[in-house]
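Some notes on the structure that comes next.
One-based numbering, in listed order, for ligands and for the atoms of each.
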Amino acid sequence: MSGDRLAGIDTRLYLVTDTAQCAGAGRTVAETVRAAVTGGAGVVQVRDKDIDDAEFLVLTREVITAVTEATAGTDRRVPVFLNDRVAVARRLLDEGSDVHIHVGQTDTPVAEVRDLLGDGPLVGLSAAEPEEFATAQETGGVDLVGIGPVFDTTTKTDAPAGIGPDRLGELTASAGIPAVAIGGIDAERAHELRGRGLVGICVVSAICRAEDPEQAAADLLDAFGDGTRKDGEQA
Ligand SMILES: Cc1ncc(COP(=O)(O)OP(=O)(O)O)c(N)n1
Ligand SMILES: Cc1nc(C(=O)O)sc1CCOP(=O)(O)O
Ligand SMILES: [Mg+2]
């Protein structure tokens, strides 16, 4: 896999959807995505552990439409990732949709994902151990790693305790693959993740539970900035 496969994508703010959290805030996932992308989210992942593949297919089509509407008339490229559902991704690719996939360490292995989906889609992988980065680099085929949880989270019920920004920075430095941080990130804490080598921050509840997801996205982007400057450093 060669070239800058993330070219043209603003990876600084990555939204992962949670259907129940969006519903609790009185909105659909698609409405939340449309607002968040309008507010600046540059990557979207559809994640729902409680529905079957047929329902996930419908949900993802709605999200693709929301992203298309939010980016209409701009030159923004906002990729839509599917969480875990390789078969649904294959179906959408066959329909001509531009979709991508994020898998974890216990999901479909990356080599198998590539066999099933080919070289076109971006592949994200969860990784939080040096050995996992080494394997991802050796195997190839991973475009982006998600490292977490950086802070404690209640959204992912099987997540361990947060590793903290310093450990996150060490892992990012050794990842060798563009990395986003995930877990417990909100607009108050996002500034702690500047200067950690990340290409972006990834959030669920900070946008899905927000009263105003467009404003929440803008606030998160303000707090993270371009991600490169640590607190207190001059531009
Ligand atoms: C960007 C990003 N990073 C990490 C994860 C977590 O994926 P995984 O470990 O497979 O856990 P589930 O999300 O499937 O519960 C992610 N989804 N996105
Ligand atoms: C989906 C997910 N993956 C994680 C990981 O650590 O790999 S943490 C997480 C949930 C993040 O939700 P919130 O932004 O609401 O804390
Ligand atoms: Mg997974």
Side-chain angles (χ1 to χ4, degrees), residues 6 9 11-25 29 32 36 41-51 53 56 60 63 78-89 99-110 112-113 121-129 132-133 135-136 142-165 167-168 171-172 175 177-190 192-193 198-210 213 216-217 219-220 223-224 227:
L6 301 179
I9 303 171
T11 54
R12 291 175 303 143
L13 179 60
Y14 182 149
L15 167 65
V16 178
T17 68
D18 184 299
T19 309
Q21 290 184 13
C22 293
V29 169
T32 307
V43 184
V44 176
Q45 180 188 133
V46 186
R47 180 177 185 270
D48 190 323
K49 303 290 184 184
D50 299 322
I51 57 178
D53 277 5
F56 198 93
T60 307
V63 167
V78 177
V80 174
F81 283 74
L82 279 64
N83 177 274
D84 298 347
R85 311 273 184 141
V86 184
V88 181
V99 291
H100 309 273
I101 192 95
H102 183 95
V103 289
Q105 293 291 325
T106 58
D107 299 320
T108 310
V110 170
E112 207 176 308
V113 171
L122 297 168
V123 172
L125 175 71
S126 310
E129 303 290 340
E132 294 170 353
F133 299 126
T135 306
V142 177
D143 296 293
L144 190 65
V145 289
I147 307 178
V150 58
F151 301 116
D152 292 351
T153 178
T154 53
T155 295
K156 182 169 162 61
T157 47
D158 57 348
I163 58 175
R167 178 65 183 145
L168 173 92
L171 290 172
T172 305
I177 296 171
V180 292
I182 187 168
I185 301 170
D186 58 22
E188 280 68 48
R189 286 170 162 164
E192 297 177 50
L193 302 175
L198 298 165
V199 298
I201 53 172
C202 187
V203 305
V204 183
S205 51
I207 287 178
C208 292
R209 285 193 198 280
D219 290 345
L220 283 155
F224 185 62

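- For ligand 1, the atoms lying closer than 4.0 Å to a non-hydrogen atom of Gly146 are 3 (N).
- Of the candidates Gly200, Pro149, Ala127, Ser126, it is Ser126 that places a heavy atom closest to atom 6 (C) of ligand 1.
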Could you tell me, for ligand 2, which of its N or O atoms are under 3.5 Å from any protein N or O, listing the pairs and their distances rounded to 0.1 Å?
| residue | atom | partner | partner atom | Å |
| --- | --- | --- | --- | --- |
| ligand 2 | 6 (O) | Gly148 | O | 3.4 |
| ligand 2 | 6 (O) | Pro149 | N | 2.9 |
| ligand 2 | 14 (O) | Val204 | N | 3.0 |
| ligand 2 | 15 (O) | Thr155 | OG1 | 2.5 |
| ligand 2 | 15 (O) | Ser205 | N | 2.9 |
| ligand 2 | 15 (O) | Ser205 | OG | 2.5 |
| ligand 2 | 16 (O) | Thr153 | OG1 | 2.6 |
| ligand 2 | 16 (O) | Gly184 | N | 2.7 |

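- Contact annotation for Ile147 and ligand 1: no heavy atom of the residue comes within less than 4.0 Å of the ligand.
- Here is the list of ligand 1 atoms found below 4.0 Å of a heavy atom in Arg47: 12 (P), 13 (O), 15 (O).
- Leu122 contributes atom CG, which lies 12.5 Å from atom NE2 of His102 (distance to the nearest 0.5 angstrom).
- Per-residue contacts place Asp84 under 4.0 angstrom from the following atoms of ligand 1 (heavy atoms of the residue considered): 10 (O), 14 (O).
- Tested against Tyr14, the residues Ile185, Ile201, Ile9, Leu144 include a single side-chain contact (heavy atoms from CB on, under 4.5 Å) partner, Leu144.
- Taking the charged nitrogens against the carboxylate oxygens, Asp18 and Arg209 have no contact shorter than 4.0 Å, which rules out a salt bridge.
- Close contacts between ligand 1 and Lys49 involve ligand atoms 12 (P), 14 (O), 15 (O) [criterion: under 4.0 Å to a heavy atom].
- The residue Asp158 has no part lying near ligand 1, judged by heavy-atom distances below 4.0 Å.
- Not a single heavy atom of Gln105 lies less than 4.0 angstrom from ligand 1.
- At a heavy-atom distance under 4.0 Å, only side-chain atoms of Asn83, from C-beta outward, approach ligand 1.
- Listed by number with element, the atoms of ligand 1 under 4.0 Å from a non-hydrogen atom of Gly104 are 8 (P), 9 (O), 10 (O).
- Close approach to Cys202 involves these atoms of ligand 1, each under 4.0 Å from a residue heavy atom: 1 (C).
- Near Gln45, the atoms of ligand 1 lying under 4.0 angstrom from a non-hydrogen atom of the residue are 1 (C), 2 (C), 16 (C), 17 (N), 18 (N).
- Protein atoms that are N, O or S and lie under 2.8 Å from the Mg ion (ligand 3) are these: Asp84 OD1, Asp107 OD2.
- The shortest N or O to N or O distance between Lys156 and ligand 1 is under 3.5 Å.
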